[in-house]
Amino acid sequence: MAAAPPTTAPILTLSGGTQLSKTLELDQPFHIGSARGAQFRIPHPSLQPQHATLTWNGRFTRIESAEPNAPIVLHGQPLKAPTNLRSGDIIRVGDFEFHYHAPKTSSANAADSSSGLTVPLRGKTVSEIPLESGLTFGSGSEAHVHLDDDTLLPIHAVLEKAPDGYTLIDKGGSGLLANGRYFERHPLLIGDRIDFGPEYAFTCEGWALRRIPLQNGCALTAQNIHVKSAARHLLHNAGFAAAAGEFIGIIGPSGAGKTTLLRTLCGLTPLTEGTIQLNQTRTSSLEDPARYFGYVPQKEIIHLELTGRQALRYAAALRLPARAPQLEIDKLIARLARQLGLSDHLDTPAKRLSGGQLKRLSVAVEMLSRPPLLLLDEPTSGLDPESEAQLMRQLRDLTATGCTVICATHLMENVHLMDSVEILSASVQHGEAGTTVFRGRPSAARDFFKAKDLTAIYPRLQERKPSQWRSDYETHTQQSATAPKPPAEPVAPPPRPSHRRRPALPILLHRQWDILRSDTKNLLLLLGQPLLIGLLLALAAGTSPDQVATQLFLACIATFWMACGNAAPEIVRERAIFERERFAGLRIHHYLSAKFLWLSATSLAQSLLLYTILKLFGGIAGSVLWQLTALAATTLAATGIGLLISSWSRNVLQAVLLVPVFTIPQILFSGYVFKLEDWHDRPAPRVLSRTFPGFASQRLVDTSLLWQQPIGNYDELDQAGHLTSYENLATALRPTRSWLGIQPDAPYQFEESQLYSAVRGLPMRTREGTWNPESPVKFRLGATYAWSHPAIHAIIILLLWTTLTCLGSYFFLRQQRE
């Protein structure tokens with residue numbers, strides 16, 4: 001592969017406060033040692049005269065020991081053979097530590113190295129290498145995976161199968177990196193980045209190695225950012241800049257706009273004005289920009305009822321490809337838990353974890369899919385100093401894999417680990433929204449604000465307007481704080497393959513079941529509610545036939561209340577979880593469908609338990625089929641209404657308070673408490689009642705009590721407890737024109753054959769006459785009732801409520817993203 005001319009040369013920097021740097025020359029040996037002729041001479045007894053030699057050929061720099069007894073440590077591991085360096089490598093020679101910074105290649109070279117992401121496998125060109133035992137990698141023709149790189153040995157690495165997965169073994173002794181670190185044996189895990197020399201990079205998918213671009217990270221820039229909410233500016237003329245693989249801090253006092261800037265960068269909060277770019281490509285032009293971001297908000301993004309292991313498994317099932325083996329997923333979870341200090345708490349319910357442990361668990365959820373950009377909002381809040389320092393070091397190490405880490409924080413103890421900081425400031429007193437006032441290294445920020453330490457910057461920010469600080473910064477650095485320069489070389493964002501994921505619906509339903517059974521108190525309450533209500537109803541009503549209609553009416557109202565109450569707090573209390581999972585690719589209709597199916601099933605189980613109690617102890621009679629249909633249809637409509645309330649509400653209290661607002665009208669307009677015939681001269685409640693779920697439920701109950709029953713005289717109907725149902729259904733037969741307030745004596749007609757089943761000697765004919773409000777139309781006594789039209793109409797009304805409320809919930813969930 002032909003190399004493009006280099007734009008700059010590599011730089012070697014001595015650590016320890018001197019910041020002394022030397023530049024390598026093309027094809028010229030560069031010696032580190034104590035001899036006078038050494039290019040980097042340090043007269044110290046721990047160094048040999050020519051201790052180490054670096055050679056740069058325009059594409060890569062190779063390091064080797066110049067003398068046999070001259071030890072070199074690379075990233076904490078002894079150097080055993082000549083090795084190609086990568087930008088950011090830390091080299092220890094004797095008692096001294098050096099940092100190596102590689103040059104940036106031209107855009108042509110970057111494009112060339114990233115194009116055609118394939119590799120020869122046994123003579124065939126592939127983009128993915130299936131994992132198999134004994135697979136070899138190298139530059140020789142005998143290698144199964146041929147890598148055309150003369151810095152690699154003919155057989156440089158081999159893949160071995162072990163009971164717990166695959167292990168990659170470096171046969172060359174050097175030159176291979178796993179997640180930015182050199183290794184001899186590395187157990188492969190999902191998301192690992194493996195570098196073979198300076199030309200080839202792969203990522204582990206769990207079932208295969210997939211070739212990726214060498215520059216797999218993403219640079220992120222934002223220019224002239226304005227964010228406005230209602231009539232108030234949250235951000236005004238803010239900017240941001242992060243190079244690929246950098247650790248960037250967003251700091252500033254409370255209210256400066258740190259969270260808003262984070263949410264805006266990843267697309268959760270829409271821009272009012274400005275541009276955001278990934279590698280000079282506008283995020284608005286990307287097909288799915290969310291695929292590049294991981295985001296950890298301040299609120300927990302896990303269900304507290306689940307254990308840490310369950311939470312991570314469900315997150316992996318929703319985010320990782322369907323082909324990822326469960327064994328590999330479990331290994332990944334175990335490593336993340338070990339890295340974040342959660343190994344001893346994986347099987348502990350999240351609600352029993354400390355605040356710091358919950359935060360680390362949320363970070364682990366985001367690290368499952370290894371996004372190119374990881375954004376964290378106050379990830380160290382609630383952590384003790386040691387845990388905070390450990391987490392920040394882990395985030396620093398994560399940049400070695402090419403991930404760009406952006407962290408909003410107000411704590412300054414570990415800011416020195418960051419490559420750069422963005423300082424935001426706002427002033428309520430002067431009416432200025434959050435804006436960028438500084439960008440640069442933490443040490444430079446201390447000098448700019450003339451502060452003894454970084455914590456002292458906060459009071460300094462209050463001394464002047466944000467716009468004045470921003471102006472001083474631009475004058476001091478000759479750079480714009482609001483419109484940072486993009487990367488010098490435009491490179492398209494690295495491809496993020498769209499693997500097929502597991503079906504979300506069964507995963508979400510299984511998670512709901514685990515949440516329910518993990519909380520014994522909630523489970524007992526769900527079962528105890530209908531049991532207690534049913535027993536109280538049966539006790540109060542007894543087995544008297546004239547109380548059957550009342551029991552069924554109250555059963556329907558209780559069903560509505562339980563189903564609506566179950567659903568009302570469900571979405572709003574896990575809004576942060578849903579927002580994050582939606583951002584990670586979960587579709588709204590999958591989430592809403594899972595909620596509806598689960599809540600409908602649990603509420604229907606409650607209603608069946610209630611009905612069973614009334615059937616056993618309350619002496620309920622009538623058509624069981626129509627009664628069960630009434631309870632089921634009411635459950636569906638009430639669940640839909642509850643989800644609508646939940647998706648609209650801002651908090652759980654608001655949702656709970658709205659449940660009685662929707663329940664009480666079902667009682668008032670059901671036609672049972674206030675008889676329909678009492679509304680003959682009041683068209684408003686007469687017409688309005690027909691649209692209420694409570695009215696439809698009562699129609700089904702009335703039908704169930706009269707279904708296939710002979711209609712005798714009024715005394716018999718009254719004694720059987722069916723008189724109210726008879727009156728309601730008879731009144732419901734009034735002509736539509738009378739419902740709309742037509743004057744008395746309006747003509748009407750109906751077909752008696754629609755009302756009754758065939759009874760010997762009963763003529764089937766059309767009755768005609770005039771409507772008199774004082775004498776409601778009555779069924780013909782002596783017939784058998786078998787008219788299903790009112791019940792079918794009621795079912796249609798309840799299903800319409802179910803459909804419309806679910807559509808409304810979908811609409812409000814779509815509008816949730818601010």
Side-chain angles (χ1 to χ4, degrees), residues 229 263 266-270 287-291 295 297 299 301 303 314-315 317-319 498 501-513 515 560 562-604 632-652 654-659 661-663 666 691-693 696 795-818:
S229 176
R263 291 174 56 87
C266 62
L268 285 171
T269 297
E287 182 179 353
D288 187 9
R291 195 180 300 171
Y295 175 60
K299 295 181 179 179
I301 52 176
H303 293 86
Y314 282 120
L318 289 171
R319 298 169 189 231
S498 181
R501 298 184 181 181
R502 294 173 175 85
L505 187 58
I507 296 172
L508 295 173
L509 289 174
H510 196 278
R511 184 172 69 181
Q512 288 291 154
W513 167 244
I515 290 172
F560 185 95
M562 288 188 296
C564 190
N566 290 341
E570 189 69 16
I571 294 177
V572 66
R573 71 182 173 192
E574 57 180 47
R575 176 166 291 168
I577 299 175
F578 166 68
E579 182 184 61
R580 184 61 201 94
E581 290 182 341
R582 179 188 173 189
F583 186 70
L586 179 64
R587 302 296 181 90
I588 296 177
H589 64 275
H590 289 152
Y591 177 80
L592 194 58
S593 298
K595 287 295 180 187
F596 179 79
L597 291 174
W598 175 257
L599 292 167
S600 297
T602 54
S603 299
L604 186 58
T634 302
T635 297
L636 297 180
T639 301
I641 291 173
L643 290 175
L644 181 67
I645 292 172
S646 192
S647 60
W648 179 85
S649 301
R650 290 289 182 181
N651 52 64
V652 173
Q654 201 175 70
V656 171
L657 291 177
L658 283 173
V659 173
V661 174
F662 279 84
T663 304
Q666 313 311 319
T691 65
F692 278 83
I795 294 173
I796 293 173
I797 292 296
L798 290 169
L799 292 180
L800 278 175
W801 269 96
T802 304
T803 303
L804 293 176
T805 51
C806 286
L807 290 175
S809 300
Y810 182 88
F811 171 79
F812 286 125
L813 288 177
R814 280 185 62 89
Q815 304 304 312
Q816 238 183 57
R817 192 171 294 181
E818 299 177 4

Requested in this report: Would you indicate whether His589, at its atom NE2, is surrounded by more than 12 heavy atoms from other residues, nucleotides or ligands within a distance under 6.0 Å?
Outcome: yes
Can you measure from [atom1] ([X]) to [atom2] ([Y]) and round to the nearest 0.5 angstrom?
X	Y	atom1	atom2	value
Leu592	Ser646	CG	OG	10.0 Å
Arg263	Phe583	CZ	CZ	9.5 Å
Leu597	Leu508	CG	CG	10.5 Å
Glu581	Tyr314	CD	OH	12.0 Å
Ile645	Phe662	CD1	CZ	4.5 Å
Ile507	His590	CD1	NE2	10.5 Å

With sequence neighbours left out, write down each residue that passes side-chain contact (heavy atoms from CB on, under 4.5 Å) with [X], or none if nothing qualifies.
X	result
Ala315	Arg319, Val365, Leu368
Trp648	Gln654, Leu658, Phe812
Ala632	Leu604
Ser600	Phe596, Leu636, Thr639

side-chain hydrogen bond (donor to acceptor under 3.5 Å, both in side chains) with [X]: which residues, sequence neighbours excluded?
X	answer
Arg501	none
Ser809	none
Thr635	none

With [X], which residues qualify under ring-ring contact (aromatic ring centres under 6.0 Å, His included), at least two apart?
X	value
Phe692	Phe669
Tyr810	none
Phe578	Tyr591

Query raised in the report: Tell me the salt bridge (Lys or Arg N to Asp or Glu O under 4.0 Å) pairs involving residues 588-598, sequence neighbours left out?
Result: Glu570-Lys595, Glu574-Lys595
Could you go through residues 796-807 and list every donor-acceptor pair under 3.5 Å that involves a side-chain atom there, pairing it with any protein atom two or more places apart or in another chain?
unit_1	atom_1	unit_2	atom_2	d
Trp801	NE1	Thr691	O	2.6
Thr802	OG1	Ala637	N	3.2
Thr802	OG1	Leu798	O	2.9
Thr803	OG1	Leu799	O	2.9
Thr805	OG1	Trp801	O	2.6
Thr805	OG1	Thr802	O	3.0

**Report entry** Residue pair Ile301 / Tyr295, side-chain heavy-atom distance below 4.5 Å
**Finding:** no
Considering all heavy atoms of both residues, which atom of [X] and which atom of [Y] are nearest to each other, and what is their separation?
X	Y	answer
Leu586	Ala504	CD1-CB, 3.8 Å
Ser647	Arg575	O-NH2, 3.7 Å
Leu644	Gly808	CD1-C, 3.5 Å
Ala563	Ser603	CA-OG, 3.4 Å

Query raised in the report: Is a donor on one side and an acceptor on the other found under 3.5 Å between the side chain of Arg511 and the backbone of His303?
Result: no
